[in-house]
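Below is one structure, written out as structure tokens; the observations come after it.
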Amino acid sequence: MADLNGVALVTGASTGIGRHLVEGLAARGMAVAGLARTADRLQTAMDEVAAATGARTLAVAADVTDRASVEVAVAEVVEKLGQVDLLVNNAGLIDEFEVPVWEADADQWWDVVSSHIRGAQLTIRNVVPWMVLRNRGRVVNIASGMSTRAVPEYSAYSVAKTGLMRLTESLATALEGSDVRAFDVAPGVVNTPMTRSMHMWQGFTDWTPPEAVVEIVAAIAAGELDHWSGRFVRAGKDDLDVLRSTTPEDAARQLRLRPYGDADPLA
């Protein structure tokens with residue numbers, strides 16, 4: 001287990017993948033702040049992690065889609081733990097009903113998209129300027145297989161995760177020349193309350209071990225995968241040693257149109 005230091009900020013930290021990331025990063029030596037909307041559940045989770053790992057933890061209740069809430073939350077993290085070295089944007093909703101887009105409740109559909117896109121943009125807006133000023137930091141946006149393909153019954157989630165990938169690439173490109181990097185990490189199918197609630201995973205048993213997600217994020221925090229900045233990696237499928245030794249070229253693992261043939265003018 002690699003030793004890490006510094007401060008991590010994980011959104012959606014009270015349950016699921018976020019909860020695993022908090023504990024895994026804390027066990028590796030980071031001070032970890034967790035953000036989530038439900039204060040009691042979040043505090044319990046962070047207290048459990050602190051007891052299990054001996055690490056410094058901080059529970060900050062916040063709605064990542066609320067600008068003022070995020071500003072206050074990040075300020076509290078900085079005041080109590082220090083500037084953020086690793087930001088993990090994990091918070092996000094899923095489509096409430098498995099229906100095609102024209103049958104989806106419009107407000108809930110946009111809530112899903114906003115939770116991923118607005119939530120990530122607001123945390124980035126409040127954390128990354130200080131990373132740039134200090135010339136160090138890593139941002140991880142939790143992606144999905146639905147970032148790269150449409151799933152009709154989860155149209156909002158698909159749109160949100162695809163948009164998050166484009167946000168990652170935009171951020172990474174803007175950061176070129178600095179020692180601040182941004183990454184898409186798809187966790188695979190981890191056994192969480194959210195995935196168990198989704199019809200498409202009913203009866204599924206080949207779960208991605210949550211430790212595989214933690215290992216990739218920890219490697220990013222350690223600066224071992226900097227050559228993958230702005231690109232998509234997948235826990236449970238990508239071998240960490242191969243990622244370390246492989247430098248992707250051109251638009252590998254990025255969102256692009258595929259040409260229809262050699263004569264395609266957009267090729």
Side-chain angles (χ1 to χ4, degrees), residues 8-12 17-18 21 35 64-67 70-71 73-74 83-93 109-150 155-187 213 216-217 219-221 223-235 238 243 246-259 266-267:
L9 172 57
V10 180
T11 69
I17 292 168
L21 285 168
L35 263 65
V64 294
T65 67
D66 182 270
R67 179 174 175 173
V70 172
E71 289 173 353
V74 172
Q83 292 290 347
V84 175
D85 300 287
L86 172 67
L87 169 62
V88 182
N89 283 311
N90 168 72
L93 303 173
W109 196 96
W110 278 111
D111 284 346
V112 173
V113 175
S114 180
S115 68
H116 296 274
I117 303 298
R118 180 172 171 83
Q121 193 273 337
L122 286 175
T123 57
I124 288 168
R125 183 177 182 274
N126 283 275
V127 171
V128 169
W130 297 99
M131 289 182 171
V132 173
L133 186 65
R134 297 160 68 226
N135 196 34
R136 70 174 187 269
R138 302 294 180 269
V139 177
V140 173
N141 290 327
I142 298 299
S144 167
M146 293 190 213
S147 301
T148 61
R149 66 182 188 278
S155 59
Y157 188 79
S158 297
V159 167
K161 288 300 190 183
T162 301
L164 195 59
M165 275 191 71
R166 184 63 78 208
L167 178 61
T168 301
E169 186 180 352
S170 297
L171 177 61
T173 303
L175 291 168
E176 287 179 0
S178 76
D179 192 25
V180 184
R181 309 288 202 278
F183 305 81
D184 288 307
V185 175
V213 187
I216 285 184
V217 174
I220 288 171
E224 297 173 3
L225 301 182
D226 285 354
H227 47 294
W228 284 88
S229 182
R231 300 175 191 269
F232 177 101
V233 296
R234 206 297 204 162
D238 279 320
L243 291 177
T246 302
T247 299
E249 298 180 354
D250 301 321
R253 295 289 185 90
Q254 293 178 320
L255 291 172
R256 294 294 184 271
L257 290 175
R258 295 179 61 184
L266 299 183

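Side chains included, hydrogens not; waters and symmetry mates left out as well; all remaining heavy atoms used. No experiment lies behind these values; they were computed from the predicted model shown.
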Supply the atom-to-atom distance [X] [atom1] to [Y] [atom2], rounded to the nearest 0.5 angstrom.
X	Y	atom1	atom2	value
Leu133	Ser178	CG	OG	11.5 Å
Arg67	Arg118	CZ	CZ	8.0 Å
Phe232	Leu164	CZ	CG	11.0 Å
Ser147	Arg234	OG	CZ	11.5 Å
Leu175	Ser229	CG	OG	7.0 Å

Between Arg136 and Asp85, is there a salt bridge with N-O shorter than 4.0 Å?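 Looking at Arg136 together with Asp85, the answer is yes, because their closest N to O distance falls below 4.0 Å.
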
Just by distance, do the side chain of [X] and the backbone of [Y] share a donor-acceptor pair under 3.5 Å?
X	Y	value
Ser115	Val112	yes
Arg181	Trp228	no
Thr65	Gly119	no
Asn126	Leu122	yes

Is the closest side-chain heavy-atom distance between [X] and [Y] below 4.5 Å?
X	Y	answer
Trp109	Val159	yes
Leu9	Leu86	no
Leu266	Pro259	no
Val140	Leu87	no
Arg149	Thr162	no
Arg134	Val180	no
His116	Tyr157	yes
Thr11	Val88	no

Stepwise side chain to side chain contact (heavy atoms under 4.5 Å, CB included) check, Thr148 with Lys161: CA-CA 8 Å; Thr148 61; Lys161 288 300 190 183; over 6 Å; no

Test log, rule side chain to side chain contact (heavy atoms under 4.5 Å, CB included), inputs Val70 and Asp66: CA-CA 6 Å; Val70 172; Asp66 182 270; 5.7 Å; no

Quick test of your reading: applying side chain to side chain donor-acceptor pair (under 3.5 Å), list the pairs with at least one residue in residues 163-173, sequence neighbours left out, ordered by first then second residue.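 Matches after skipping sequence neighbours: Asn141-Thr168, Arg166-Glu169, Thr168-Asp184, Glu169-Arg256.
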
Considering non-hydrogen atoms only, spot the tightest contact between Ala143 and Pro187 and give its length.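 Answer, listing the atom of Ala143 first, then Pro187: O-CD, 3.2 Å.
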
How close do Val64 and Ala91 get, counting heavy atoms only, and between which atoms?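 Taking every non-hydrogen atom into account, CG2-CB, 4.1 Å.
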
Would you mind telling me which of Thr246, Thr247, Leu243 makes a side chain to side chain contact (heavy atoms under 4.5 Å, CB included) with His227? Thr247

Could you go step by step and tell me if Phe183 and Asp226 meet the side chain to side chain contact (heavy atoms under 4.5 Å, CB included) rule? CA-CA 9 Å; Phe183 305 81; Asp226 285 354; 4.1 Å; yes

Would you tell me whether Thr123 and Asn89 have side-chain atoms, one donor and one acceptor, within less than 3.5 Å of each other? yes

Test side chain to side chain contact (heavy atoms under 4.5 Å, CB included) applied to Val139 and Leu171, step by step: CA-CA 9 Å; Val139 177; Leu171 177 61; 4.1 Å; yes

